[in-house]
Amino acid sequence: MKKALILFGLAATLVLGACGNGNNDKSNDSNNGIQNEGDNGHAGMDHSGSSGAPEGMQKASNPKFPEGSEAVITDAHMDGMKDAAAKIAGAFDTTVYTVSYTPASGGERVTDHKWVVHEEIKDAGKEPFKPGDEVVLEADHMTGMEGAAATIDSAEQTTIYMIDFTSTTTGEEVKNHKWVTEDELALP
């Protein structure tokens with residue numbers, strides 16, 4: 001009888017231990033330093049920054065955050081971004097889009113990606129695109145974005161900012177992060 005109780009106790013410990021490990025693994029998925037595509041669609045964001053603004057962009061005439069000024073980031077496009085101090089690297093007046101696309105390099109479809117500017121779309125004329133329009137992206141700030149076929153989800157004429165900041169999680173410096181809108185920034 002003693003042997004049966006000991007074996008039962010060991011079996012129960014193993015079963016409960018296995019259940020506990022599964023829960024811990026799942027909770028760590030959200031803390032692995034990489035956002036899932038479903039979080040903000042920015043898992044492939046290049047933390048090292050990117051090139052400067054595309055040719056033809058018009059500098060903002062009266063931005064709330066002028067080039068060279070400082071701001072605090074209030075949105076998290078990628079890990080380590082929210083609440084980071086930012087320096088404005090550029091302010092531009094243009095049409096900004098949220099887009100859905102399948103990366104040209106393969107992988108899962110990215111939906112409602114913020115932000116792509118008008119000047120990052122192949123063969124963009126003077127007129128802005130409308131939601132539902134099919135386009136080809138020339139943006140390079142996400143893995144697989146350049147050359148990808150995309151659908152315009154939303155369009156807005158606004159001031160858009162390119163920023164430099166230091167990641168609050170890794171301490172890595174990010175230069176020319178593209179893009180944040182005025183409502184994703186706050187005065188320091």
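Index from 1, following the sequence.
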(Q) If we ignore hydrogens and angles and just use 3.5 Å, is the side chain of Ser69 paired with the main-chain N or O of Pro66 as donor and acceptor? (A) yes
(Q) Could you report the tightest heavy-atom contact between Thr74 and Lys82, atom names first, then the distance? (A) O-NZ, 3.0 Å
Mind listing the side-chain donor-acceptor pairs of residues 84-99 below 3.5 Å, one per line with the distance, residues two or more places apart or on another chain?
unit_1	atom_1	unit_2	atom_2	d
Asp93	OD1	Thr159	OG1	2.7
Asp93	OD2	Ser61	N	3.1
Thr94	OG1	Glu119	OE1	2.8
Thr94	OG1	Glu119	OE2	3.1
Thr95	OG1	Gln157	OE1	2.9
Tyr97	OH	His118	ND1	2.7
Tyr97	OH	Phe129	N	2.9
Thr98	OG1	Asp112	OD1	3.3
Thr98	OG1	Ser154	N	3.2
Thr98	OG1	Ser154	OG	2.6

(Q) What I'd like to find out is whether the side chain of Ile121 reaches to under 4.5 Å of the side chain of Val136, using heavy atoms alone. (A) no
Q. With sequence neighbours excluded, what pairs up with Glu156 under the salt bridge (Lys or Arg N to Asp or Glu O under 4.0 Å) test?
A. none
Q: Report the residue from His113, His141, Glu184 that forms a side-chain hydrogen bond (donor to acceptor under 3.5 Å, both in side chains) with His77.
A: Glu184
Q: Kindly indicate whether the side chain of Ile73, heavy atoms from C-beta on, has any atom under 4.5 Å from the side chain of Leu185.
A: yes
(Q) Please list all pairs meeting salt bridge (Lys or Arg N to Asp or Glu O under 4.0 Å) that have one or both residues in residues 61-70, counting only residues at least two apart or in different chains. (A) Lys59-Glu67
Q. Excluding sequence neighbours, so at least two apart, what forms side-chain hydrogen bond (donor to acceptor under 3.5 Å, both in side chains) with Ser100?
A. Asp153
Q) Just by modelled atom types, is the Gly52 backbone N or O under 3.5 Å from a matching donor or acceptor in the Lys178 side chain? A) yes
Q: Please test Met81 against Val180 for side-chain contact (heavy atoms from CB on, under 4.5 Å), starting from the C-alpha separation and ending with a verdict.
A: CA-CA 11 Å; Met81 194 171 176; Val180 293; 3.7 Å; yes
Q. Can you tell me if Glu134 and Thr151 form a side-chain donor-acceptor pair at under 3.5 Å?
A. yes
Q: State, with a plain yes or no, whether a side-chain heavy atom of Thr102 is found less than 4.5 Å away from one of Glu108.
A: no
Q.
Tell me whether the count of non-hydrogen atoms from other residues, nucleotides or ligands lying under 6.0 Å of CD in Glu127 goes above 12.
A. no
Q) Who pairs with Asp183 by side-chain hydrogen bond (donor to acceptor under 3.5 Å, both in side chains), at least two apart in sequence or on another chain? A) Thr181
Q: Please name all residues satisfying side-chain hydrogen bond (donor to acceptor under 3.5 Å, both in side chains) with Gln58, sequence neighbours left out, ordered by chain then number.
A: none
